[in-house]
A.B. asks: 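Structure in structure tokens, see below.
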Amino acid sequence: LKMILEKAMELTGSERGALLILDNQSQKLVYKVIQNINLADNSFTVSKRIIEDVKKSMKTMILNTIEENQTELSKSILNAKILSIICLPLIYEQEFTGLLYLDSTVVNNLFSQKDLNLLEAFTSQATVSLKMAAYKKELNRDIDLNESKINQYSQKSNLTDREKQIIQSILDGMSNK
């Protein structure tokens with residue numbers, strides 16, 4: 001996950017970033033990786049409005065040339081003196097799974113259409129990788145659970161040594177995840 005954020009920042013020249021993933025149980029976005037941001041000092045806040053807009057619309061939001069007179073923007077953006085923001089949804093099979101947030105307090109108009117195209121392709125591949133990793137983790141958890149159940153069954157039942165050997169070889173094959 002860290003590599004995804006670092007590469008996105010490198011591609012765009014942004015100075016700060018965050019990768020937020022949707023928690024399947026709570027349905028809330030969770031900061032998974034942050035770069036050049038100290039969440040502990042409360043100086044960094046991603047606009048909740050931007051996050052909700054991107055989550056709801058499942059569309060990228062780019063804000064460049066952010067100025068004091070833009071009253072429709074969150075005060076947190078203005079107070080943090082953020083000049084450019086790009087926020088991309090992570091979508092897998094038409095389902096929102098998280099978002100990538102990048103910003104700059106140094107450069108106006110940092111994010112271009114070229115950056116957008118590049119990041120959309122990049123986040124698309126990253127989302128597939130994240131989903132595959134989650135599926136693999138879930139599959140491994142299921143395999144471990146089944147192995148545990150089989151071990152419990154074989155210990156409780158009156159199996160011959162040969163039957164135990166067969167079960168063990170099956171378990172060994174399942175362990176080659």
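Predicted model only: the values in this text are computed from it and were never measured.
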A.B. asks: Yes or no on side-chain contact (heavy atoms from CB on, under 4.5 Å) for Thr97 and Ile91, after CA distance, side-chain angles and deciding distance?
C.D. replies: CA-CA 6 Å; Thr97 61; Ile91 300 169; 6.0 Å; no
A.B. asks: Determine whether Leu110 and Leu83 make a side-chain contact, defined as any pair of heavy atoms from C-beta on separated by less than 4.5 Å.
C.D. replies: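 No - every pair of side-chain heavy atoms lies 4.5 Å or more apart.
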A.B. asks: Work out which heavy atom in Asp23 is nearest to a heavy atom in Ser26; give both atom names and the distance.
C.D. replies: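 Nearest pair, atom of Asp23 first, then Ser26: OD1-N, 2.7 Å.
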A.B. asks: For Ala8 and Leu100, work out which heavy atoms get closest and say how close.
C.D. replies: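 That would be CB-CD2, 3.7 Å.
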A.B. asks: Identify the heavy atoms of Val54 and Leu88 that sit nearest to each other, and give their distance.
C.D. replies: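 Answer, listing the atom of Val54 first, then Leu88: CG1-C, 4.1 Å.
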A.B. asks: Of all heavy-atom pairs between Leu5 and Leu19, which one has the smallest distance, and what is that distance?
C.D. replies: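 The pair with the smallest heavy-atom distance is CD2-N, 4.3 Å.
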A.B. asks: Any side-chain heavy atom of Phe111 within less than 4.5 Å of one from Ser14?
C.D. replies: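 When only atoms from C-beta onward are counted, Ser14 and Phe111 do touch, with a gap below 4.5 Å.
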A.B. asks: Is the shortest side-chain heavy-atom distance between Ile51 and Leu29 below 4.5 Å?
C.D. replies: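 The answer is yes; the side chains approach within 4.5 Å.
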A.B. asks: What are the two closest heavy atoms between Ile50 and Cys87, and how far apart are they?
C.D. replies: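 Closest pair (atom of Ile50, atom of Cys87, distance): CG2-CB, 3.9 Å.
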A.B. asks: How close do Glu15 and Met9 get, heavy atom to heavy atom, and via which atoms?
C.D. replies: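 Answer, listing the atom of Glu15 first, then Met9: O-CE, 3.2 Å.
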A.B. asks: Mind checking whether Ile82 and Ile85 have side chains closer than 4.5 Å, heavy atoms only?
C.D. replies: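 Yes - at least one pair of side-chain heavy atoms lies under 4.5 Å apart.
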A.B. asks: Enter the distance from Leu90:CG to Met58:CE here, rounded to the nearest 0.5 Å.
C.D. replies: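 These two atoms lie 12.0 Å from each other.
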A.B. asks: Do Leu11 and Val106 belong together in a cluster built from hydrophobic side chains that touch within less than 4.5 Å?
C.D. replies: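 Linked, Leu11 and Val106 end up in one cluster.
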A.B. asks: If you measure from NZ on Lys7 to NZ on Lys2, what distance do you get to the nearest 0.5 Å?
C.D. replies: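 NZ of Lys2 is found 12.5 Å from NZ of Lys7.
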A.B. asks: Atom OG1 in Thr123, atom CG in Leu116: separation rounded to 0.5 Å?
C.D. replies: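 Rounded to the nearest 0.5 Å, the OG1-CG separation comes out at 9.0 Å.
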A.B. asks: For the OG1 atom of Thr60 and the CG atom of Asp53, what is their distance to the nearest 0.5 Å?
C.D. replies: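 Here the rounded value is 12.5 Å.
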A.B. asks: What's the verdict on side-chain hydrogen bond (donor to acceptor under 3.5 Å, both in side chains) for Asp115 and Thr12, showing C-alpha distance, side-chain angles and the deciding distance?
C.D. replies: CA-CA 6 Å; Asp115 291 325; Thr12 61; 6.0 Å; no
A.B. asks: Is a donor on one side and an acceptor on the other found under 3.5 Å between the side chain of Ser84 and the backbone of Ser104?
C.D. replies: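 Looks like no, no N/O pair under 3.5 Å.
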A.B. asks: Could you state the interatomic distance from NZ (Lys136) to CD1 (Ile143), rounded to the nearest 0.5 Å?
C.D. replies: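 One gets 10.0 Å once the value is rounded to the nearest 0.5 Å.
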A.B. asks: List the steps, then state whether salt bridge (charged side-chain N to carboxylate O under 4.0 Å, His left out) holds for Arg16 with Asp103.
C.D. replies: CA-CA 6 Å; Arg16 306 185 311 172; Asp103 75 20; 2.8 Å; yes
A.B. asks: Run Ile4 and Phe122 through side-chain contact (heavy atoms from CB on, under 4.5 Å) and show every step you take.
C.D. replies: CA-CA 8 Å; Ile4 292 170; Phe122 181 74; 3.8 Å; yes
A.B. asks: For the CD atom of Glu120 and the CD1 atom of Ile86, what is their distance to the nearest 0.5 Å?
C.D. replies: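 It is 7.5 Å, given to the nearest 0.5 Å.
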A.B. asks: Do Phe96 and Gln27 come within less than 4.5 Å of each other through their side chains, counting heavy atoms only?
C.D. replies: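 No, too far: nothing below the 4.5 Å cut-off.
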A.B. asks: Counting only heavy atoms not in Lys32, do more than 12 fall under 6.0 Å of its NZ?
C.D. replies: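 Open: at most 12 neighbouring heavy atoms sit under 6.0 Å from NZ of Lys32.
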